[in-house]
Amino acid sequence: MTDLQTLILDRIRDIPDYPKPGVIFKDITPLLADHEAFAAVVEELAGLREVDKIAGIEARGFILAAPVALRAGAGFVPVRKKGKLPYETLEASYDLEYGSASIEVHRDAFRPGDRVLIVDDVLATGGTARAAVELLRRAGADVAGVAVLMELSFLRGRERLAGVGLHSLVTV
Ligand code: AMP
């Protein structure tokens, strides 16, 4: 266990049965409230890949991706839930436990071949990250990888990102 992993694990708390019974929600707000831990996480994520842009997934992904983009000298692109972006969008749908959801990105968010790292807080089933990879590729991005603070390995999301390059700072 590295110092960074200890710093992260000590500051992510489990909230049982949120937002619904049976789910253990990983609450990252104690980590965000701690300057040393937040700065260390941003530093680590910013050093992973040489990229042109960092794409953050709504909403907790934004909180991580924006400072990572600044630190990495890259642009920031929001990947939002359907209906939130003001300009023309591309859309990708994916299955949730019950029903489905859609995410969108502005159709002109990337120049062709832009190298892009996708950032989110938690990788669970991997459905959201997989949809984001496909969406960004359709938007002309060269997806350099997916980076998350925490991977829930028992949900096997990594398998859905085969060939993409997943980097998780901690795995539980
Ligand atoms: P999934 O598509 O199943 O990988 O879910 C990933 C998205 O849902 C991420 O944007 C996470 O922020 C959120 N998420 C899923 N499960 C959890 C959890 N147990 N704790 C916190 N966030 C979660």
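Counting from 1, the numbers follow the sequence of the chain as shown. Start at 1 and go down the list; that is how both ligands and their atoms are numbered.
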key: Beyond-backbone contact of Lys82 with Ile103, side-chain heavy atoms, under 4.5 angstrom   = no

query = Do Arg158 and Ser168 come within less than 4.5 Å of each other through their side chains, counting heavy atoms only?
reply = yes

request  = Return a yes/no value for Glu58: is any of its N or O atoms, backbone included, closer than 3.5 angstrom to an N or O of ligand 1?
outcome  = no

query = Taking both backbone and side-chain atoms of Ala124, is any N or O found less than 3.5 Å from an N or O belonging to ligand 1?
reply = yes

task = Specify whether the nearest protein heavy atom to atom 22 (N) of ligand 1 is under 4.0 angstrom away.
result = yes

query = Nearest protein heavy atom to atom 12 (O) of ligand 1, by residue and atom, and its distance?
reply = Asp121 OD1, 2.6 Å

inquiry  = Closer than 4.0 Å to some heavy atom of Ile24 - which atoms of ligand 1 meet that?
reply    = 18 (C), 19 (N)

Heavy-atom nearest option to atom 2 (O) of ligand 1, drawn from Leu161, Thr128, Leu155, Val172 = Thr128

message = Check Glu134 with Arg138, please: is the shortest side-chain N to carboxylate O separation under 4.0 Å?
response = no

ask   = Any idea which atoms of ligand 1 are less than 4.0 Å away from a heavy-atom of Arg60?
value = 11 (C), 12 (O), 13 (C), 22 (N)

key: Under 4.0 Å to a heavy atom of Leu152 - the qualifying atoms of ligand 1, by number   = 19 (N)

ask   = Nearest protein heavy atom to atom 9 (C) of ligand 1, by residue and atom, and its distance?
value = Asp120 OD2, 3.2 Å

message = Give me the nearest non-hydrogen protein atom to atom 4 (O) of ligand 1 as residue plus atom name, then the distance to 0.1 Å.
response = Gly126 N, 2.7 Å

Only pairs under 3.5 Å count here: list side-chain donor-acceptor contacts from residues 58-66, not counting sequence neighbours, and write none if there are none.
residue : atom : partner : partner atom : Å
Glu58   : OE1  : Arg80   : NE           : 3.1
Glu58   : OE1  : Lys81   : N            : 2.7
Glu58   : OE2  : Arg80   : NH2          : 3.0
Arg60   : NE   : Asp121  : OD2          : 2.5

ask   = Any heavy atom of Leu96 sitting closer than 4.0 Å to ligand 1?
value = no

Shortest heavy-atom approach to atom 3 (O) of ligand 1 - which of Ile103, Thr125, Ile15 = Thr125

task = Report yes or no: does Gly157 have a heavy atom closer than 4.0 Å to ligand 1?
result = no

message = So for Ile57, does at least one of its heavy atoms come nearer than 4.0 angstrom to any atom of ligand 1?
response = no

task = Just need the protein heavy atom nearest to atom 17 (C) of ligand 1, so name the residue and atom and give the distance.
result = Val122 CG1, 4.0 Å

message = I need the single residue from Leu9, Leu123, Leu31 that forms a side-chain contact (heavy atoms from CB on, under 4.5 Å) with Met150. Which is it?
response = Leu9

